Amino acid sequence: MRRLNILFVDSDPHTHEKMQSVLGSGFVVKCVASVTEAKELLNAFVPDILISEVVVGRESGLDLCHYVRNQAGLRHLPIMLLTSQTTLHDKVAGFDAGTDDYVVKPFDGPHLQARIRLLSRIKRLEQRTSV
């Protein structure tokens, strides 16, 4: 089975290392440190899943969600917010912005992998039924 390509957006290099460590053996993980970099990369290549922090330096992962949902070629890209923003208001704002899943830091590796596989399965099912 093909390894899923994940684009991970977070300004913290330590979190990049942790994601590579947790996901690197089962997934292909590309890490970027800004929303601007993520948009540039998304114009060149569409990953299987986008994972973003809500606060990315001075940029917003919520803005990235809106951007993806407004691009015809990206509209169906599964998005997960992986964030330290934990209030119910934060979660609702994430879902309103277009995320498909919301996982709070610190995260458990096996749980995160399971959530990613679930998002991938949902995407495949949606593609089959939207013909």
Side-chain angles (χ1 to χ4, degrees):
M1 193 164 113
R2 172 178 91 73
R3 294 190 324 162
L4 295 174
N5 286 293
I6 296 172
L7 175 57
F8 178 62
V9 186
D10 195 306
S11 56
D12 180 8
H14 297 293
T15 307
H16 288 195
E17 291 170 16
K18 184 172 182 185
M19 286 297 280
Q20 290 287 1
S21 168
V22 168
L23 300 179
S25 64
F27 303 89
V28 178
V29 182
K30 171 72 176 158
C31 298
V32 296
S34 72
V35 168
T36 303
E37 278 181 278
K39 287 178 181 178
E40 289 171 7
L41 202 57
L42 286 167
N43 287 325
F45 130 95
V46 179
D48 295 303
I49 295 179
L50 171 64
I51 301 175
S52 182
E53 169 61 86
V54 171
V55 178
V56 186
R58 293 175 179 251
E59 297 176 293
S60 168
L62 299 181
D63 289 343
L64 181 57
C65 287
H66 286 293
Y67 171 82
V68 167
R69 293 299 177 236
N70 288 311
Q71 302 298 311
L74 299 173
R75 191 166 291 132
H76 299 291
L77 176 64
I79 302 172
M80 175 189 291
L81 290 174
L82 178 65
T83 182
S84 49
Q85 307 294 308
T86 62
T87 70
L88 187 57
H89 179 277
D90 293 324
K91 292 173 185 174
V92 169
F95 287 115
D96 285 347
T99 193
D100 297 296
D101 200 1
Y102 196 102
V103 178
V104 174
K105 292 178 184 173
F107 61 89
D108 172 74
H111 178 250
L112 182 64
Q113 291 174 10
R115 301 294 289 241
I116 290 169
R117 286 191 301 272
L118 174 64
L119 279 179
S120 174
R121 192 165 62 243
I122 290 169
K123 176 184 177 182
R124 283 193 315 270
L125 290 171
E126 284 179 345
Q127 287 173 338
R128 278 190 218 143
T129 59
S130 67
V131 177

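Worth knowing before you read on, the calculation uses all heavy atoms, side chains too, and leaves out hydrogens, waters and symmetry mates. Since the structure is predicted, the reported quantities are computational estimates derived from the model, not experimental observations.
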Determine the minimum heavy-atom distance between Q20 and V29, stating which atoms define it. NE2-O, 3.0 Å
Calculate, to the nearest 0.5 Å, the distance between atoms CG and CD1 belonging to L119 and I49 respectively. 5.0 Å
I need the R117 CZ to F27 CZ distance, nearest 0.5 Å. 5.5 Å
With heavy-atom distances below 4.5 Å as the criterion, would you say the side chains of T83 and D90 are in contact? no
For side-chain contact (heavy atoms from CB on, under 4.5 Å), just list the numbers for V54 and L62, CA-CA rounded to whole Å, side-chain angles, deciding distance to a tenth of an Å, and then say yes or no. CA-CA 6 Å; V54 171; L62 299 181; 4.1 Å; yes
Less than 4.5 Å apart, side chain to side chain, heavy atoms only: is that true for D101 and L118? no
Whether R3 side chain and S25 backbone form a donor-acceptor pair below 3.5 Å: yes
For C65 versus G98, what's the shortest heavy-atom pair and its separation? CB-N, 4.4 Å
Any chance you could measure L50, atom CG, to L81, atom CG, to the nearest 0.5 Å? 8.5 Å
Give a yes or no on whether the backbone of S11 and the side-chain of E53 come within a donor-acceptor separation of less than 3.5 Å. no
With the threshold set at 4.0 Å, does a side-chain nitrogen-carboxylate oxygen contact exist between R69 and D100? yes
Mind checking the OG1-OH spacing from T86 to Y102? Nearest 0.5 Å is all I need. 7.5 Å
Heavy-atom closest pair, residues M19 and L112: SD-CD2, 3.8 Å
Step by step, work out the side-chain contact (heavy atoms from CB on, under 4.5 Å) result for Y67 and V35. CA-CA 10 Å; Y67 171 82; V35 168; over 6 Å; no
Please walk me through it: do V92 and H89 pass side-chain contact (heavy atoms from CB on, under 4.5 Å)? CA-CA 5 Å; V92 169; H89 179 277; 5.9 Å; no
Start with the C-alpha distance between N5 and K30, add both sets of side-chain angles, then the distance that settles side-chain contact (heavy atoms from CB on, under 4.5 Å), and finish with yes or no. CA-CA 8 Å; N5 286 293; K30 171 72 176 158; over 6 Å; no
Find the distance between CG (L42) and CD (E37) and round it off to the nearest 0.5 Å. 11.5 Å
Taking 4.0 angstrom as the limit, do D10 and K105 come out as a salt bridge? yes
Shortest non-hydrogen contact from L7 toward A38: CD2-O, 4.1 Å
Look at atom NE2 of H66 and say whether more than 12 heavy atoms of other residues, nucleotides or ligands are closer to it than 6.0 Å. yes
Classify the ring geometry of F8 against H16: parallel below 30°, tilted from 30° to 60°, perpendicular beyond 60°. perpendicular
At what distance, to the nearest 0.5 angstrom, does NZ of K39 lie from CD of Q71? 8.5 Å
Quick check: does any side chain N or O of S60 sit under 3.5 Å from a backbone N or O of D63, one acting as donor and the other as acceptor? yes
